[in-house]
Amino acid sequence: MDVLLRNAFQSLGRSRSANKLARKYGLRFGASRFVAGETIRQAIEAVRKLNASGRAATLDHLGEFVAGAEEANESAAMCLRTLDAIEEAGVFCNLSLKLTSLGLDIDREVCFRNIRSILDRARQYGNFVRIDMEDYAHCQATIDLYRGLRRSFDNVGIVIQAYLYRSERDLEELRELRPNLRLVKGAYKESPKVAFPDKKDVDDNYRKLVRMQLLSGQYAAVATHDERLVEYAKQLMAEHGLPKEKMEFQMLYGIADELQLRLVREGFKVRVYVPYGTDWFGYFMRRLAERPANAGFVLKNLFK
Ligand SMILES: Cc1cc2nc3c(=O)[nH]c(=O)nc-3n(C[C@H](O)[C@H](O)[C@H](O)COP(=O)(O)OP(=O)(O)OC[C@H]3O[C@@H](n4cnc5c(N)ncnc54)[C@H](O)[C@@H]3O)c2cc1C
């Protein structure tokens with residue numbers, strides 16, 4: 001049953017018409033548990049609340065399907081506005097973005113120009129930008145672009161997904177760039193040709209990657225709600241006497257709030273990924289696919 005629901009949510013999330021329809025109706029079906037709002041003002045308000053409880057944030061202006069250069073440029077303009085809003089509000093927050101929303105599938109040059117202008121603005125503010133990792137089809141292009149950017153920018157990081165067989169090698173090969181990496185399990189539906197189908201293998205690989213990155217001395221963002229993996233990272237830090245400043249835990253808005261607050265009390269840096277915008281449907285479906293039990297509260301919200 002879980003597998004069926006997972007596949008259904010993943011397919012719905014990729015459907016352009018479902019995304020379009022959802023955009024028309026506004027944040028519904030309990031999506032506001034995972035999405036901070038539709039406007040920058042609402043997003044900044046959510047960030048202020050997180051900051052007040054000792055948590056940093058990263059804002060993501062949601063945008064799933066970009067059809068042409070004009071839309072890609074609009075999406076880049078929203079990223080710039082988000083950076084401006086963070087600066088004006090003086091909140092403790094950086095930016096996360098997806099390269100497809102900046103035109104990766106349309107024209108690499110357009111995408112490169114867009115991301116450079118965002119990194120320039122962020123650098124002006126002393127801020128940092130994380131490039132999210134999307135599905136396998138975009139993995140190599142994302143890494144290639146990151147490599148190109150890393151030569152000129154210190155304020156950019158990337159994401160490595162533990163479910164991909166290639167990730168260990170990617171991490172090795174990226175090492176010369178002294179990368180700031182966010183480590184995640186991976187959120188997309190991938191073929192067993194490229195990704196571990198079994199959860200246990202993904203978890204084992206996650207441990208391996210966390211170990212590699214933490215022990216390399218480079219900055220690691222350990223992004224998981226899995227308590228066993230959080231414990232693993234903490235133990236590794238303690239065993240090797242690693243400074244807490246070299247890493248942070250990251251979790252998604254609306255998930256594992258208690259765990260986030262406990263880590264703050266223990267003196268760890270915790271950053272919450274806060275998505276916002278009208279294009280919330282695909283993101284919401286990925287969160288449901290991760291945990292089909294969440295479908296229960298969607299049903300409850302349907303009848304509210
Ligand atoms: C800050 C951050 C950034 C991310 N960026 C990316 C990215 O760039 N690319 C990418 O592919 N993926 C990204 N992800 C998603 C990630 O790949 C996983 O899909 C997601 O984090 C769930 O995996 P988990 O590590 O929490 O472990 P799981 O084993 O999936 O979950 C562990 C426990 O966490 C809780 N939990 C997990 N997910 C949910 C949920 N949706 N609802 C309620 N409870 C839940 C449950 O208690 C579950 O038992 C990101 C995740 C985080 C936290």
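Atoms within a ligand are numbered from 1 in the order they appear, just like the ligands themselves. Keep in mind it's a predicted model, so treat the numbers as computed, not measured.
Using a 4.0 Å threshold on non-hydrogen atoms, atom 8 (O) of ligand 1 counts as touching the protein. Protein heavy atoms are found less than 4.0 angstrom from atom 28 (P) of ligand 1.
In this structure, Lys185 pairs ionically with Asp226, as a charged nitrogen and a carboxylate oxygen lie closer than 4.0 Å. Under a 4.0 Å N-O distance rule, the pair Arg169/Glu172 does not qualify as a salt bridge. Ionic pairing of Asp204 and Lys200 is present here: one or more N-O contacts between side-chain nitrogen and carboxylate oxygen are shorter than 4.0 angstrom.
Residue contacts with ligand 1 for Tyr188 involve side-chain atoms from C-beta outward but no N, CA, C or O (heavy atoms, distance under 4.0 Å). In Arg33, the part holding a heavy atom less than 4.0 Å from any atom of ligand 1 is the side chain. Residue contacts with ligand 1 for Arg271 are absent, since no atom lies close enough (heavy atoms, distance under 4.0 Å).
Compare Val230, Val272, Val184 by their heavy atoms: the one nearest to atom 13 (C) of ligand 1 is in Val184. Comparing Gln161, His225, Lys98, Met133 against atom 21 (O) of ligand 1, the shortest heavy-atom distance belongs to His225. The residue among Thr142, Leu252, Val274, Asp226 with a heavy atom at the shortest distance from atom 51 (C) of ligand 1 is Leu252. Between Lys185, Arg130, Glu134, it is Lys185 that holds the heavy atom closest to atom 23 (O) of ligand 1.
The protein atom (non-hydrogen) at minimum distance from atom 39 (C) of ligand 1 is Ile255 CD1, 3.7 Å. In terms of protein heavy atoms, atom 12 (N) of ligand 1 is closest to Ala187 CB, 3.6 Å. Nearest protein heavy-atom contact of atom 43 (C) of ligand 1 is Arg291 CD, 3.4 Å. In terms of protein heavy atoms, atom 24 (P) of ligand 1 is closest to Thr224 OG1, 3.6 Å. Regarding atom 5 (N) of ligand 1, its nearest protein heavy-atom neighbour is Arg182 NH1, 3.1 Å. The single protein non-hydrogen atom nearest to atom 20 (C) of ligand 1 is Glu290 OE2, 3.3 Å, given as residue, atom name and distance. Closest to atom 42 (N) of ligand 1, if we only count protein heavy atoms, is Asn294 ND2, 2.8 Å.
For an aromatic pair to be called close, the ring centres must be under 6.0 Å apart, and Phe34 with Tyr253 fails this.
Relative orientation of the Tyr273 and Tyr283 rings is parallel, given thresholds of 30° and 60° on the angle between their planes.
The ligand atoms of ligand 1 that sit less than 4.0 angstrom from a heavy atom of Gly186 are 11 (O), 16 (C), 17 (O), 19 (O). Of all the atoms in ligand 1, the ones that sit under 4.0 Å from a non-hydrogen atom of Arg287 are 15 (C), 40 (C), 41 (N). Which parts of ligand 1 touch Tyr273 is read off a 4.0 Å heavy-atom cut-off, strictly below it: atoms 1 (C), 3 (C). In summary, the atoms of ligand 1 found under 4.0 Å from a heavy atom of Asp132, numbered by their order in the structure, are 8 (O).
Ser152 and Arg123 make their closest contact through O-NH1, 2.9 Å (heavy atoms, listed as atom of the first residue, atom of the second, distance).
Rounded to the nearest 0.5 angstrom, Ser101 OG and Asp132 CG are separated by 9.0 Å. Between Leu145 atom CG and Leu104 atom CG the span is 6.5 Å, to the nearest 0.5 Å.
Listed by first then second residue, pairs satisfying salt bridge (charged side-chain N to carboxylate O under 4.0 Å, His left out) with a partner in residues 73-92 read Asp84-Arg121, not counting sequence neighbours.
A cation-pi geometry, defined here as NZ or CZ lying under 6.0 Å from the six-membered ring centre and within 45° of its normal, does not hold between Arg150 and Phe153.
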>> Does Leu215 form a side-chain contact (heavy atoms from CB on, under 4.5 Å) with Leu242? I'd like the steps, not just the answer.
In response: CA-CA 8 Å; Leu215 298 191; Leu242 302 171; 4.0 Å; yes

>> Using salt bridge (Lys or Arg N to Asp or Glu O under 4.0 Å), reason through Glu231 and Arg228 one step at a time and then give a plain yes or no.
In response: CA-CA 5 Å; Glu231 273 314 308; Arg228 292 161 316 142; over 6 Å; no

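At least one heavy atom of Lys199 lies less than 4.0 angstrom from ligand 1.
Here's the thing with Ala223: none of its N/O atoms is less than 3.5 angstrom from an N/O atom of ligand 1.
At most 12 heavy atoms of other shown residues, nucleotides or ligands fall within 6.0 angstrom of atom CD in Glu109.
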